[in-house]
Enquirer: 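Mind looking over this structure? Questions follow.
Note: hydrogens, waters and symmetry copies are ignored here, and every other heavy atom, side chains too, is used. Worth saying up front: this structure is predicted, and the values here are computed from it rather than measured.
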There are 2 protein chains.
Amino acid sequence: MSNPQSLPLIEPDSDAVVPCCPPLTERPFTVDEAETAARMFKALGDPVRVRLFSAVASHPGGEACVCDISDVGVSQPTVSHHLKKLKEAGLLTSERRGTWVYYRVEPSVLAAMGRLLTASASAGA
Amino acid sequence: MSNPQSLPLIEPDSDAVVPCCPPLTERPFTVDEAETAARMFKALGDPVRVRLFSAVASHPGGEACVCDISDVGVSQPTVSHHLKKLKEAGLLTSERRGTWVYYRVEPSVLAAMGRLLTASASAGA
DNA sequence: GCGCTGATTCGACAACTGTCTATGTTGACC
DNA sequence: GGTCAACATAGACAGTTGTCGAATCAGCGC
């Protein structure tokens, strides 16, 4: 494979979403697709994680320091644990700036999840 | 069904979605909202359930008999168990017709989930 | 360097989840 | 009524998950 000009083009526009899966209604998911999709949904399958994610997503500037959002009724290590899960699922990214760690929403993954569902909804017979 | 006059009016237009929660980016979710949202996401947080749901959603006519979709690599009781979970989460409804039980996608819940995410995605800073 | 604050990692444990086999229920057909 | 097929429920069990306290790591200011 040595065709230097025919690299698979990655869409440069911000609309590009991770090529995860077709809409849920398009066809029965394969095992791999189902595992990918389930991993993303699972990340938002816990109330504490939903609150943390929502707190980050709704924070001015689209990012939030852990200290800004850790008032969700569980201990601080537990907050850290959930943030890690959200990061592993690709929904959040983190960056250390001095003493604090800032978390930020990963829009493309969120968009991919949304398309999975909205396309389904609009296609609902 | 014989009181056609005093039924609480359900919005007849197909756009009506269950009033679950605002978009994830709008504001930090309350505890109740987070639990509602998490319950829905959790339902799609298992690969087998994603495959079952996708199989129903993509089936011609928007519904499928259990026998049509139960080839997902787990035993028949396990399929039944997962379909029950999806039903409890409000994502599917079921109806017995003779020997067979047909499952059907609940579009409003799916649309609610989609709006939760797509509004977020488009609002991504 | 030292202590302080913010955040993650570790180890433990109860609770939940997914899976199975065995059994029950429901309807169709003879 | 008896039998068969489709689906659901019950009980058991291993693996995973959410939670905590304790310990550790990473910067900052003195």
Enquirer: Indicate yes or no for a side-chain donor-acceptor contact from B:Ser54 to the backbone of B:Val50 under 3.5 Å, with no hydrogens or angles considered.
Expert: no
Enquirer: Throw together a table of side-chain donor-acceptor distances under 3.5 angstrom for residues 87-95 of chain B, partners on residues two or more places apart or in other chains.
Expert:
residue, atom, partner, partner atom, Å
B:Lys87, NZ, B:Ser94, OG, 2.8
B:Glu95, OE1, B:Arg97, NH1, 2.9

Enquirer: Tell me the interatomic distance from B:Tyr102, atom OH, to D:dA8, atom P, rounded to whole angstroms.
Expert: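 It is 13 Å, rounded to the nearest whole Å.
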Enquirer: Checking B:Arg51 now: which residues fulfil side chain to side chain donor-acceptor pair (under 3.5 Å) with it, not counting sequence neighbours?
Expert: none
Enquirer: Taking only residues two or more places apart in sequence, or in another chain, which ones meet B:Pro22 in a side chain to side chain contact (heavy atoms under 4.5 Å, CB included)?
Expert: B:Glu26, B:Arg27, B:Phe29, B:Glu33
Enquirer: Whole angstroms only, please: what is the CG-P distance between A:Leu83 and C:dT9?
Expert: 11 Å
Enquirer: Quick one: which protein N/O atoms are closer than 3.5 Å to N/O atoms of nucleotides 11-20 of chain C? Pair and distance per line, please.
Expert:
residue, atom, partner, partner atom, Å
C:dT17, OP1, B:Lys42, NZ, 2.9
C:dG18, OP1, B:Arg49, NH1, 3.4
C:dG18, OP1, B:Arg49, NH2, 2.9
C:dG18, OP2, B:Arg49, NH1, 3.3
C:dG18, OP2, B:Lys85, NZ, 3.0
C:dT19, OP2, B:His82, NE2, 2.3
C:dC20, OP2, B:Ser75, N, 2.8
C:dC20, OP2, B:Ser75, OG, 2.9
C:dC20, OP2, B:Thr78, OG1, 2.8

Enquirer: Quick check on contacts: within residues 86-95 of chain B, what sits under 4.0 Å from DNA chain C by heavy-atom distance?
Expert: none
Enquirer: For A:Ile69 and A:Leu83: C-alpha separation, side-chain torsions, deciding distance, then whether side-chain contact (heavy atoms from CB on, under 4.5 Å) applies.
Expert: CA-CA 11 Å; A:Ile69 59 174; A:Leu83 287 172; 4.2 Å; yes
Enquirer: In residues 64-71 of chain B, which residues come under 4.0 Å of DNA chain C by heavy atom?
Expert: none
Enquirer: Quick one: side chain to side chain contact (heavy atoms under 4.5 Å, CB included) partners of A:Cys65, sequence neighbours excluded?
Expert: A:Cys67, A:Asp68, A:Trp100, A:Tyr102
Enquirer: Taking B:Arg96 for the side chain and B:Gly98 for the main chain, is one N or O donor matched with an acceptor at less than 3.5 Å?
Expert: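 Judged by distance alone, yes, a pair lies under 3.5 Å.
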Enquirer: Holding to side chain to side chain contact (heavy atoms under 4.5 Å, CB included), I want the full list of residues that pass it with B:His82, two or more places apart in sequence or in another chain.
Expert: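 B:His82 satisfies side chain to side chain contact (heavy atoms under 4.5 Å, CB included) with B:Asp46, B:Val48, B:Arg49, B:Leu52, B:Thr78 only.
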Enquirer: Counting just side-chain N and O atoms, does B:Lys84 come under 4.0 Å of either OP1 or OP2 of D:dA8?
Expert: no
Enquirer: For C:dG6 and A:Tyr103 - does any side-chain N or O of the residue sit under 4.0 Å from the phosphate oxygens OP1/OP2?
Expert: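 Answer is no, no contact under 4.0 Å.
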Enquirer: Who are the side chain to side chain contact (heavy atoms under 4.5 Å, CB included) partners of A:Lys42, not counting sequence neighbours?
Expert: none
Enquirer: Name all residues meeting the side chain to side chain donor-acceptor pair (under 3.5 Å) criterion together with A:Ser80; count only those two or more places apart in sequence or in a different chain, and write none if there are none.
Expert: none
Enquirer: Dump the pairs, protein N or O against N or O of nucleotides 26-30 of chain D, anything under 3.5 Å, distances to one decimal.
Expert:
none

Enquirer: Among all residues two or more places apart in sequence or in another chain, which pass the side chain to side chain donor-acceptor pair (under 3.5 Å) test with B:Glu106?
Expert: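 Residues passing side chain to side chain donor-acceptor pair (under 3.5 Å) with B:Glu106: B:Ser108.
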Enquirer: Test B:Leu86 against B:Tyr103 for side-chain contact (heavy atoms from CB on, under 4.5 Å), laying out the working first.
Expert: CA-CA 10 Å; B:Leu86 287 167; B:Tyr103 281 80; over 6 Å; no
Enquirer: Please lay out, stage by stage, how A:Leu117 and B:Leu44 fare under the test side-chain contact (heavy atoms from CB on, under 4.5 Å).
Expert: CA-CA 11 Å; A:Leu117 294 170; B:Leu44 286 178; 4.2 Å; yes
